[in-house]
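Reviewing the structure listed below.
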Protein chains: 2
Amino acid sequence: MNIDPVGLFIEDCKKHGLNVTYQRLAVFKVISKHKGHPSAEDIYREVLKEYPRISLATIYTTLETLSKYSIISKVTPLHDTARYDYDQEVHHHLICINCRKIIDIKYDEFDYLWLPDDLKQNFKVLNYKIQFEGICPQCQSKSNQQQET
Amino acid sequence: MNIDPVGLFIEDCKKHGLNVTYQRLAVFKVISKHKGHPSAEDIYREVLKEYPRISLATIYTTLETLSKYSIISKVTPLHDTARYDYDQEVHHHLICINCRKIIDIKYDEFDYLWLPDDLKQNFKVLNYKIQFEGICPQCQSKSNQQQET
DNA sequence: GTGGTTGCAAAAAGTTTGCAGGCTC
DNA sequence: GAGCCTGCAAACTTTTTGCAACCAC
């Protein structure tokens, strides 16, 4: 019944026990209307137009909170520090969302992904990487231990 | 004939006209031996053991230089700022390595990737994202214009 | 009213830059 | 020896934090 993103947003907040503040609404509106993938700074500049007193720190806190409850998502789970790799063979990555470890995986099946023609025609694809997000074995056993305690 | 990474490294440097310095060798050795995907800081700490006078700035410069010539690779092309997204539908991304724009793509073909059993058994996969890296149409036409000039 | 949120300012974390001196080729 | 490269320190950018004031419920 409710296909209004703002309505959904309010429901989501209530579901998770989050207060619906003007700031959160404003941040959410900007993200949901934005065509691309805005950074905190982008969002800040946009929200400022409507709420000139909002603080950048609030933007960060809000984004972190909303990501935590999956109301929005962080496109770049590993943005905080650059990571480097020597292995020049084609391979893909498992990223543990808990400990942020990256594990290499190589399966031939992933090396010949079919690319749609209209994609290839517009965008010059040089390579692709598949990022699997999840929980690594170590973190799985840790969280089990905690539940048992 | 030469499967020694260090030998290959020296060749690569010469090929690109880069001086082979102790610092670059040390950085390279750490990366090529490292099991995971070290950050600049990780590499710095490791290199310090052997060259206590190296500077963190040198590590950064070296990593940037080596990435530029594809001697090593940066696992996280978008690490510099966090990017957020409202779209909660499953979708994948095109990343323009030139202007760093992110473009959403949705093709059903990518939504049912086959996952190997041993992968699923060890790592609890929650979702996956395919990142296509390449050049967006705008940047392609820009670089064509430049070549013509 | 109460507890969750915000604004502010300051600090932390990560990265880049300018310049003088040093090292590779 | 020439020019590239490094160390140092300082600056810059992005993000986080502590605390008092404030607002949603």
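Note on naming: letters A, B, ... go to the chains in the order of the sequence lines (proteins, then strands), and numbering restarts at 1 for each one.
Nearest heavy atoms, B:Y44 versus B:I54: CE1-O, 3.5 Å.
Atom OH in A:Y51 sits about 15 Å away from atom C1' in C:dT5, given to the nearest Å. Whole-Å rounding puts the A:I59 CD1 to C:dT5 C1' distance at 13 Å. Spacing between atom OH of A:Y44 and atom P of D:dT13 amounts to 15 Å, rounded to whole angstrom units. To the nearest angstrom, C1' of D:dT17 lies 14 Å from OH of A:Y60. Here D:dC22 presents its P atom at 17 Å from CD1 of A:I54, a figure rounded to the nearest Å. Atom NZ of B:K68 is separated from atom P of D:dC4 by 12 Å (rounded to the nearest Å). Whole-Å rounding puts the A:R45 CZ to D:dT14 P distance at 9 Å. In this structure, CD1 of B:I10 is placed 12 Å from P of C:dT24, rounded to the nearest angstrom.
When each of B:E64 and B:Y22 is assigned the nucleotide of DNA chain C bearing its nearest heavy atom, the one mapping closer to the 5' terminus is B:E64. When the nearest nucleotides of DNA chain D are assigned to B:S55 and A:V20 by heavy-atom distance, the more 5′-ward of the two goes with B:S55.
If you look at B:Y86 and A:F28, their ring centroids are closer than 6.0 Å.
For B:T21, a side-chain nitrogen or oxygen approaches OP1 or OP2 of D:dT6 to under 4.0 Å. Taking only side-chain nitrogens and oxygens, A:Q23 never comes nearer than 4.0 Å to OP1 or OP2 of D:dA24.
In this structure, the separation between CG on A:L78 and NE2 on A:H93 is 9.5 Å, given to the nearest 0.5 Å.
Each of A:D85, A:I103, A:D87, A:I95 was scored for a side chain to side chain contact (heavy atoms under 4.5 Å, CB included) with B:H37, with one residue passing: A:D85.
Of all nucleotides listed (C:dT15, C:dG7, C:dA9), C:dA9 comes nearest to the side chain of A:A57. Closest approach to the B:N19 side chain among C:dT24, D:dA24, C:dG7 is made by C:dT24 (side chain taken as heavy atoms from C-beta onward). Of the listed nucleotides (C:dA9, C:dT16, D:dT6), D:dT6 has the atom at the smallest distance from the side chain of B:R24. You'll find that the side chain of A:L18 is closest to C:dT5, out of D:dC5, D:dT15, C:dT5. Among the nucleotides D:dC8, D:dG7, C:dG14, the one closest to any side-chain atom of B:T58 is D:dG7.
When heavy atoms are screened at a 4.0 angstrom cut-off, A:L56 is found touching base atoms of the nucleic acid.
At distances below 3.5 Å, at least one donor-acceptor pair connects side-chain atoms of B:H91 with backbone N or O atoms of B:E89.
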